[in-house]
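Working notes, structure below.
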There are 2 protein chains.
Amino acid sequence: MADCLTMAAGIDDVARAAGVSTATVSRALRDLPNVSAKTRERVRAVATELGYVASPSAASLASGRTRAIGLISPWVNRWFFANIIDGAERALRARGYDVLLYTFDIQRSGERPRIDPDVLRRRVDGILVVGLPLARDELEALQGLGYPLVCIGWGGSEEATVRLDDRVIGLEAVRYLIRLGHRVIGHVTGTPDDVHPWSPPADRATGWREAMTEAGLEPDAGLMESGGFEVSGGRASVKALLARHPDLTAVFAASDEMAMGAILGLRDLGLRVPEDVSVMGVDGHELGELVGLTTMSQPVDEQGWAAAELVLDMINGKTPPRRVVFPARLVERTSTAAPRGVAS
Amino acid sequence: MADCLTMAAGIDDVARAAGVSTATVSRALRDLPNVSAKTRERVRAVATELGYVASPSAASLASGRTRAIGLISPWVNRWFFANIIDGAERALRARGYDVLLYTFDIQRSGERPRIDPDVLRRRVDGILVVGLPLARDELEALQGLGYPLVCIGWGGSEEATVRLDDRVIGLEAVRYLIRLGHRVIGHVTGTPDDVHPWSPPADRATGWREAMTEAGLEPDAGLMESGGFEVSGGRASVKALLARHPDLTAVFAASDEMAMGAILGLRDLGLRVPEDVSVMGVDGHELGELVGLTTMSQPVDEQGWAAAELVLDMINGKTPPRRVVFPARLVERTSTAAPRGVAS
DNA sequence: CTGTTAGCGCTTTCAT
DNA sequence: ATGAAAGCGCTAACAG
């Protein structure tokens with residue numbers, strides 16, 4: 001075996017050893033046409049023998065393609081994001097693409113450093129933006145790079161998008177609570193106010209509002225509070241909600257993590273779930289079962305995978321569907337029940 | 001503003017516009033010495049004006065450095081891994097490095113596709129291996145690439161490592177349970193058997209064994225079971241443990257996720273925590289509070305950050321400490337208590 | 001302090 | 001089916 005440290009075989013080492021030109025080596029190894037079967041075989045054998053691997057930098061420079069995808073996510077340590085990243089990375093690697101990870105904080109204040117598109121310039125062939133509702137100018141700057149871009153978990157009709165029907169999720173969740181007999185239903189949303197009309201928290205809130213309205217209930221602004229998609233935020237939100245609406249009997253949180261935070265907050269207050277207040281979330285978090293969390297469960301691996309396929313198709317000039325919408329399904333557990341005094 | 005799509009300014013556009021050579025542009029923009037202040041200023045201004053960003057491929061090819069770090073992790077959707085990746089990515093980006101993410105499954109059977117070092121060849125300047133006890137030959141293949149490599153959360157004395165003192169963690173956890181009055185203490189470990197002697201699960205198990213022995217208790221092999229670091233594994237393990245040792249009163253799990261799984265398993269059995277069985281874990285998982293999980297809490301952001309600093313120091317030819325060990329601390333909550341019949 | 005000049009290691013026309 | 005040769009867009013010696 002060759003000493004990997006001292007000598008890294010180059011394409012012309014292979015060419016020389018195989019008795020062909022570097023062009024033929026390049027073609028043979030990339031499965032391009034116009035190489036005879038036996039030549040290809042010989043080149044492959046020699047390349048393996050020499051431990052030759054093409055330099056990605058040189059290949060990129062010459063071809064203009066990087067075989068890398070930029071994955072932009074506000075966090076990696078939150079349930080949804082971690083699972084999407086995991087799924088997308090596996091899908092992309094299976095297709096021979098590298099994944100460049102870029103995290104960008106969402107500040108709760110709404111003020112966040114603008115994403116700098118320059119870090120991605122000439123580094124990637126495509127971009128995946130996970131759950132980060134970008135400002136219009138940011139999105140445009142990113143698109144200005146000229147790479148295929150797909151949004152996961154958010155996005156309007158203009159962008160290639162993989163997401164849920166968040167309005168319907170809110171609608172179905174709150175309809176379920178109403179069926180149980182609840183009348184005063186609070187909503188813990190994800191972000192403060194400056195969110196886009198097509199962001200998941202905004203859509204879930206719309207669903208909540210519609211379900212309330214269609215049942216003749218009042219989706220009072222005081223019944224909504226932002227938990228910033230964090231456990232601690234959910235915990236604080238439910239207290240604020242209850243302070244304003246002591247008659248609250250149910251809470252619909254826009255994520256399981258916030259829902260679990262809400263349960264912690266209710267406990268802080270000495271209230272029981274579901275006897276005093278019912279709580280439900282959205283996600284299908286693995287640990288929801290710990291507290292019997294009722295939730296709208298979403299297929300997360302599939303979304304990561306679908307988004308990966310989508311960018312790659314776009315890179316390869318295909319025109320795949322611009323919008324893939326996955327379904328969520330109600331998982332009933334024990335954090336929700338009929339309010340006191342209502343027979344179920 | 002220039003049209004980013006049709007024209008990407010190159011270094012000689014900048015050179016021409018600034019009236020200097022490309023070499024000077026290169027030096028000026030990279031803050032190298034031997035450029036007069038006013039020249040540097042002018043070059044910077046022109047570069048900004050033109051929206052010039054150096055091509056990473058060209059820079060890598062010419063310099064031999066990629067300004068990228070490969071981050072190898074078995075998963076991204078598990079607590080420890082997600083947090084380490086999050087921390088390391090932020091630290092590396094702050095220093096101007098890109099992060100290439102590579103996931104590799106750990107199969108519970110112990111059989112796992114070998115990591116192929118070729119995917120990293122000439123792509124990165126350094127490697128971070130997160131919590132993946134590599135086989136000796138895999139590690140050597142990776143090291144054979146010739147890049148600085150640091151292990152996070154695992155690693156022997158040969159490798160540059162950022163980790164915990166896992167033996168002491170097991171020791172202190174189990175001593176704590178013994179102080180509470182427990183005598184039959186089970187251990188839910190992470191991996192089956194073929195793990196390295198210096199992997200966290202092995203070390204935590206050693207701590208458990210030592211604590212048992214020093215207290216005159218029997219660390220019976222039947223008191224140990226693997227949960228594969230998964231919630232579901234913890235859930236199954238505790239049942240197996242109880243089947244063999246109905247007299248079990250406490251369980252020490254090697255991770256919070258497995259500990260929470262154990263709690264679910266005990267509930268399945270109709271047992272209460274901590275009245276019937278005490279449970280504790282390791283990590284400091286945000287959701288542990290949901291079930292009052294007692295745990296050995298570890299500083300996870302700091303570990304990601306420290307590892308990033310370490311590789312970068314190694315890349316820059318410094319000789320940093322080869323081994324950074326972080327402390328864990330006992331967080332007592334309500335999943336542990338004195339066993340029945342023992343006054344606390 | 002600045003410019004000139006070779007490459008870095010591939011891919012890709014264009015010939016043959 | 002294969003080869004020759006011209007870059008891709010930078011960095012790094014080396015001069016000056």
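Lettering of chains follows the sequences in order, A, B, ..., and the numbering in each one begins at 1. Worth knowing before you read on, the calculation uses all heavy atoms, side chains too, and leaves out hydrogens, waters and symmetry mates.
- Scanning all heavy atoms of the two residues, the minimum distance from B:Arg122 to A:Val53 falls at NH2-O, 3.1 Å.
- Look at CZ on A:Arg16: it is 15 Å from C1' on D:dG3, rounded to the nearest Å.
- The CG-P distance, from A:Leu61 to C:dG7, rounds to 17 Å in whole Å.
- Taking every side-chain heavy atom of B:Arg30 into account, D:dT11 is the closest of C:dG3, D:dT11, C:dT2.
- The distance from atom CD of B:Glu41 to atom P of C:dC1 is 15 Å, rounded to the nearest whole Å.
- Residue A:Ala59 is classed as a sugar-phosphate contact, given heavy-atom separations below 4.0 Å to backbone atoms only.
- One can place NZ of A:Lys38 at 9 Å from P of D:dT2, the figure rounded to the nearest angstrom.
- Between D:dA1 and A:Arg27, no contact under 4.0 Å exists linking OP1 or OP2 to a side-chain N or O.
- No salt bridge links B:Glu41 with B:Lys38; every basic N to acidic carboxylate O contact stays at or beyond 4.0 Å.
- Applying the 4.0 Å criterion to OP1 and OP2 of C:dC1, one finds that B:Arg40 has every side-chain N and O outside that range.
- Here the shortest heavy-atom pairing between B:Ser73 and B:Phe81 reads OG-CD2, 3.4 Å.
- Phosphate proximity of D:dC10 to B:Thr22: absent, as no side-chain N or O sits under 4.0 Å from OP1 or OP2.
- Going from atom CZ of A:Arg67 over to atom P of C:dT11 covers 11 Å, rounded to whole Å.
- Taking atom CG of residue B:Asp13 and atom P of nucleotide D:dG9, one finds them 10 Å apart after rounding to whole Å.
- OP1 or OP2 of C:dC10 has not a single side-chain nitrogen or oxygen of A:Ser55 nearer than 4.0 Å.
- Residues B:Thr24 and A:Ala58 each lie close to DNA chain C; by heavy-atom proximity, the contact nearer the 5' end of the strand is made by B:Thr24.
- Ion pairing between a basic and an acidic side chain is recognised when a charged N comes within 4.0 Å of a carboxylate O; A:Arg93 and B:Asp116 show no such pairing.
- Looking at the side chain of A:Val35, the nearest of the listed nucleotides D:dT2, C:dG7, C:dC10 is D:dT2.
- Applying the 4.0 Å criterion to OP1 and OP2 of D:dA4, one finds that A:Ser21 has every side-chain N and O outside that range.
- The side chain of A:Arg65 places an N or O atom within less than 4.0 Å of a non-bridging phosphate oxygen (OP1 or OP2) of C:dT12.
- Close to D:dC10, at under 4.0 Å from its OP1 or OP2, lies a side-chain N or O of A:Arg122.
- Protein atom CG of A:Asp12 is 14 Å distant from nucleotide atom P of D:dG3, rounded to whole Å.
- Rounded to whole Å, the distance from CG on A:Leu29 to P on D:dA1 is 17 Å.
- The side chain of A:Thr39 contributes an N or O atom lying less than 4.0 Å from OP1 or OP2 of D:dT2.
- In terms of heavy-atom proximity, A:Glu302 sits nearest to A:Phe326 at CB-CE2, 3.6 Å.
- Residue A:Ala54 places its side chain closer to C:dC10 than to any other of C:dC1, D:dG9, C:dC10.
- Remark: of the listed residues B:Leu310, B:Leu92, B:Leu149, B:Ile85, B:Leu92 is the sole one forming a side chain to side chain contact (heavy atoms under 4.5 Å, CB included) with B:Leu128.
- If you check D:dG3, C:dT4, D:dT11 against the side chain of B:Ile11, the one that comes closest is D:dT11.
- Of the candidate nucleotides D:dT2, C:dC8, C:dC10, D:dT2 has the atom lying nearest to any side-chain atom of A:Ser36.
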